[in-house]
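As C-alpha cells, the structure follows; a few thoughts come after it.
Residue numbering restarts at 1 for every chain, and letters A, B, ... go by the order of the sequence lines.
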Amino acid sequence: MTGYNFREIEDRWQQRWADHGAHRVPNPGDEHFDDAKPKKYILDMFPYPSGAGLHVGHPLGYIGTDIYSRYHRMRGANVLHPMGFDSFGLPAEQYAVETGIHPRITTEKNIANYTRQLKAFGFSYDWDRSIATTDPDYYRWTQWIFLQLFGAWFDESQQRARPISELVTELEEGARDADGVAWRNLMGDDRTAYLDSQRLAYIDEVPVNWCPALGTVLANEEVTPEGRSDRGNHPVFRRPLRQWMLRITAYADRLIDELDLVDWPESVKTMQRNWIGRSEGANILFPVSGHTHLRVFTTRPDTVFGATYMVVAPEHPIVDEITPTEWPDGTNSKWTLGIGDPRTAVEAYRLAASRKSELDRQVEDREKTGVFTGAHAVNPLTGEPVPIFVADYVLMGYGTGAIMAVPGQDERDWEFAELFDLPIVRTVQPPREFEGDAYTGQGPAINSGFLDGLGIAAAKARIIQWLEVNGHGEGTITYKLRDWLFSRQRYWGEPIPILHGPNGELRAVPDDELPLRLPEVDDYRPHASNDENAEPTPTLSNATDEWKYVEIDGIRYTRELNTMPQWAGSCWYYLRYLDPTNTEVLVSPEAERYWMGEHGVDLYVGGVEHAVLHLLYARFWHKVLNDLGHVSTKEPFGKLFNQGYILADAFQDQRGVYVPAEEVVESSGAFTHNGEPVNRLYGKMGKSLKNSVNPDDMFDEYGVDTLRLYEMFMGPLDTSRPWSTRDIVGVHRFLQRLWRNFVDEETGEMLVSEEPASGELAVLLHRTIEAVTTDMENLHFNTAMARLFELNNALVAETAVPSDVASVLPRLLAPLAPHISDELWHRLGHDGFLINADWPAYDESLIAEDTATMVVQINGKVRDRIEVPVNIIESEAVAIALASERVMAHTGGSEPRKVIARLPNVLSIVV
RNA sequence: GCCGGGAUGGCGGAAUGGUAGACGCGGCGGACUCAAAAUCCGCUGGGCGCAAGCCCGUGUGGGUUCAAGUCCCACUCCCGGUACCA
C-alpha cells in the first residue's frame, strides 16, 4: 500500500525546505537579490508567546498570509514574510513572582515552543529574520526610539517633530519664546523645565488606578466593579501619579488626516477617528463669585443661554478653592448628600468616586450622582448665578474637566437636572412632533438673546465671536485622545533609558551605552504598602545600588525605575525585520526604502481588536521616525486586513474572573472549576478568556495540510466562527481523494495520462484556474478550495489524470496545502519546490460561454428558465419568453406593460 | 453606556440589486462486502399536491424597486474595542 502518508510527507518536505533555505529572502545588495522583481511585504501581527503554546485561533491569519505569500512568490514577487515574538508581558513576570524563575527563562522556553509549533505548520517565514522584543539587540532600538522621542518636540506650525536642539537654537535666536517669556529672561532650571515640558516624551501627573497593596498601577480591566484588584481583592484608588507620557495628541490631526493615505477597512478608520475624537467648540470662562474663573469646554457654545448649572470632575483642582465651609441658605437637601457642610460632603463624594473605575463612570445606565460644592458661578450671557456641582459623569481627562450643563440640549444633563431639581431651559426649538426630553437636533435658537433665530452652525460662529471680543472665551478644538501613559511598575519590560539628577533634571543614557539591560533582581514584586498615599516603588528598585546609581562628571544620577509598556516593542517591529542584525542603525536606508516602498507594508493581517491602540501607537511612532528622517513613508501599513476570530466557550467564576476552559469539568449540564460552579460564556479564543485549543493533536490525527485547509475552509478569512472539529474530515477526504486520483494505491504508480483534458473537463480546468486566481488575489480561500474540490471530484470518473490537469492542479493547491502538492509535483517528475514554480495561466477562449440560462420573471417572480445564446437581443428574448408555456400560464396571453432586460441572464416582464 | 462588526437549511458557509442555499459536514437511500470500515452512486430548506406545479423562506417589523440576503428606516440578539491583557 502506498496510501496518503501525510506524516512522512510533511516531515520530509519541511526538512527539505529548511535544508535548501527555500524561504530565505535576500535584501538589496545581498547575493541572489533580483532587482527586477516587484516587492511584497506580507506581515502578520506577531504573537505574545504564552506558556499555553499556540492555539488554533492564532494560525487563522498566519495560514492566510502564508497562502498569499506563496501565491505571490509563484507570481514572481520578492516576498518578505517574517515572524517574531512580542515577548515582554505580564504572564512571564507573574510566573516569576510565584516561582522565582527568571522571566527570560520562561520566555525563551515559550518562544522555542512557539517556533516549533509555527514551523510545524509549514509556514514560509524567513526564520533568519525572526526577532523577539525581549532580545537586548532588539530592545536596544526600542530604547533608542524612546530617546528620539525624548530628544524631540512638536513644531505646531510645521506639524511635525523636530530635534529639541533646533528648538533651543530658535529660542536663543529669539525666533520663539517660552510660553510668552523670552529665553534670555529664563534661568537655568526654568529653561530645563521648559524644554522638558516640550518633549514628545515627558513626565506628568495623571490619574491612574493605584493599588498600594500590589505596589502597582492597574488596568481598568484589572479592577473589579467594586473598586478592588482582580488579583488579591485589594483596594484600588484613583489618584494622580507622576508618569512618563508620550505626546501622541500632538499628532491627532495627522493621525486623522493621513488615514486617507492607506487602504484599510473603513470600519477601522472610523474607529480610529472616533477614538481621536476631534471636536470643535469653545472654551468659556464662567466667573465664580468672589474668586476666580471656571473654564469649561463645550461643543455647543450656542446653547450657553441654557446653561443652568455647572459640573466639575471630582479630581478638578478648583474644587478645593471654591468649596465654602457652610451651605448657602436655602440649599436643596437633595444636593448635600445629607451632610452638614460642603467640604465634608465634597470630600466624601470624591473618595467614593476615586474607588470607581473609569469605565464604570461612563456607563450611562447608572443613576447619575453628584454633590453641590456650595459655590456659584455666573453665566456670562444671562448674568444669572448657576450652582457648581461635582459629579463623576464629567471626566478630568477630557476637555477642561468641567462643563456648563445645558439640560435642554444634552441628555446626560437633562437626567442630572431632573434628579437634582435644576431648571431646564430650551435654547433650540425642537420640531412640533418632538416628544423626548433633551433635544440635540437642528433647529433655530430660542431664549438666547442675540442668537435667537440662528441655526446651530451660525449661532456657534456668532457666540464664539462674541466670547472672543468680550474676553469670555475662545473657539477651540479638543480631542478625546489622551497622551499615552508610558510608565509601568513592572520588571519584564524595556528599562526606560533616563537618568534623574539631584535637582530633578533628566538626562538621556548615551546611545553607546544602549542597550540598557534589565538588572538582575531577587524579587520580581514591586514594593507593597498599606498606605494609599505612598509613592510607587517599582520592581527595578530591587536592583543593586550599582545599577541604580550612576555617577557622571561628579554628579550622582538615579536611574529611571519604571519600564515601558508591552506596546513599545510592537510599535516598530515591522521595521526591524527589514534588517534584523544591523548593529549600526535600526534599519539600513537601502533595506527600508526597498521593502517599505511607496506605501509601506503591502498586507498587514491581524485581529480587529488592534484596530485602535496598537495601530494608532505604531502609526504615531512611525510618523515621529519619518519626521526625524529615519524612515521614508508617512504611514507604516499600506493595506490592512482583519482576520476573524476562532471563538470558543469560556468560563467565569463567581467573581467574574475567567478560569482556564480546559480545567472546567462538565457534569449533567453544569460546569465546575476546582469544584466551584462557573458560568459558561462564548468568545474569542485566547489568553484573555483562557479558552485556547492546542493544534498539536490535530497534526497527529490529520496532518498539517488538513489543518491548514480546514481553517481556511471554515469560512471567509475576515469572519469569526466557532471552533468545531467535526468538519475537518471533509477536507481530509479531499486530500485522500486527490492522492487516489494521482497515485495507484496498490503499485504507487502515477495515474497520469499523456493526453490533455478535452470537452467539459478542459473547460472546468480553465474555469478553475480563473476562479482560484481571482480568489487568491482577494483572500477568498474558502471559495478557492470549493473550486478545487469540484475539479478533484471530476477526476474521480477518469481512469488517469489528463496531462494538463496533472500539471495545473498541484500548482493551484500549492499555496494552500504545500506539502502534498510538492510531493505530487516531485512524483510527477519535476525538480525543485512549487513555491518557485510559475502560477498557471488559463485559456480565455475555453472559458467563454456561448449559451446562458435566461431567467424569465413575470411580475417579479421567476416563472421559467430558458437556454439562450449569450448575444441574444431583447426582441428575440421577449418573443421566446412569451411563447413559453410556463410563461403563458402566468400572463394569460396578455401583452407586457413593461419589459426590463438584463440579457442574457434576466428578462423581467410586468403584465 | 460609547465606538465598530455580525445574523442565510440540522451545522460551517456560497451568492457584481437579477436562478437563494455553490462547496463541505451531518442525515437518508443504493452499490461493493459473509459483515463492517473505507470507497463509489443518488437524494437532502419547509409546506401542499398522484403529478404538472403552487405557496412560504436569508434575526424581527416597516419601506424603496420590475426585482432585496444585498439598498433605506426602526428594533432584537451575539461578537470585538473601551487607553496598564496584547
Starting at atom NE2 of A/H780, determine the distance to atom C1' of B/A15, rounded to an integer number of angstrom. 12 Å
For A/Y393 and A/E415, what are the C-alpha separation, side-chain angles and deciding distance, and is it a side-chain hydrogen bond (donor to acceptor under 3.5 Å, both in side chains)? CA-CA 11 Å; A/Y393 79 95; A/E415 197 192 322; over 6 Å; no
Give a yes/no on whether any side-chain N or O of A/R737 is located under 4.0 angstrom from OP1 or OP2 of B/U39. no
Rounded to whole Å, how long is the line connecting atom CG of A/N859 with atom P of B/A67? 9 Å
Between P on B/G81 and NZ on A/K269, what's the gap in Å once rounded to a whole number? 23 Å
Inter-nucleotide P distance (B/G46, B/U58), Å rounded: 15 Å
May I have the distance from A/N274 (atom CG) to B/G4 (atom P), rounded to whole angstrom? 5 Å
Would you measure the distance from the P atom in B/U70 across to the matching atom in B/A31 and give it in whole Å? 45 Å
Syn-anti status, with the boundary at 90° from 0, for the nucleotide B/G9: syn
Separation between the C1' atoms of B/U19 and B/G69, rounded to whole Å: 14 Å
How close or far is atom C1' of B/U19 from atom CG of A/L907, stated in whole angstroms? 14 Å
Whether A/T563 side chain and A/Y491 backbone form a donor-acceptor pair below 3.5 Å: no
Who pairs with B/C2 - Watson-Crick or G-U, where each distance is under 3.5 Å: B/G81
Assign A/L485 to base, sugar-phosphate, or nothing according to its heavy-atom contacts below 4.0 angstrom with the strands shown. base
When rounded to the nearest Å, what value does the distance between P atoms of B/G61 and B/A68 take? 16 Å
Partner nucleotide, any strand, of B/G49 [Watson-Crick/G-U, under 3.5 Å]: none
Please check the phosphate of B/C25 (OP1 and OP2 only) for any side-chain N or O of A/R733 closer than 4.0 Å. yes
I need the CD-P distance between A/E415 and B/G1, as an integer number of Å. 13 Å
Within the structure, does a side-chain N or O atom of A/H614 lie under 4.0 Å from either OP1 or OP2 of B/A83? no
Identify whether any heavy atom of A/Q94 sits under 4.0 Å from a base atom; if not, whether one sits that close to sugar-phosphate; answer base, sugar-phosphate or nothing. nothing
So, is A/K861 near the phosphate of B/C56, with a side-chain N or O under 4.0 Å from OP1 or OP2? yes
Send over the distance from A/H610 NE2 to B/C79 P, rounded to a whole Å. 19 Å
Taking only the C1' atom of each, what is the distance from B/A15 to B/G9 in whole angstrom? 15 Å
Please classify the nucleic acid contact of A/R490 as base, sugar-phosphate, or nothing, using heavy-atom distances under 4.0 Å. base
B/U16 and B/A67, which share atom name C1', separated by this distance in whole Å: 15 Å
In whole Å, what is the span from the CZ atom of A/R273 to the C1' atom of B/U82? 19 Å
For B/G10, the nucleotide meeting Watson-Crick or G-U wobble distances (both under 3.5 Å) is B/C25
Base, sugar-phosphate or nothing for A/F713? Non-hydrogen atoms, less than 4.0 Å. base
Once you apply the 3.5 Å cut-off to both distances, tell me the Watson-Crick or G-U wobble partner of B/C66, or none. B/G18
Report the residue (A/V910 or A/R863) whose heavy-atom-nearest nucleotide on RNA chain B is the more 5′ of the two. A/R863
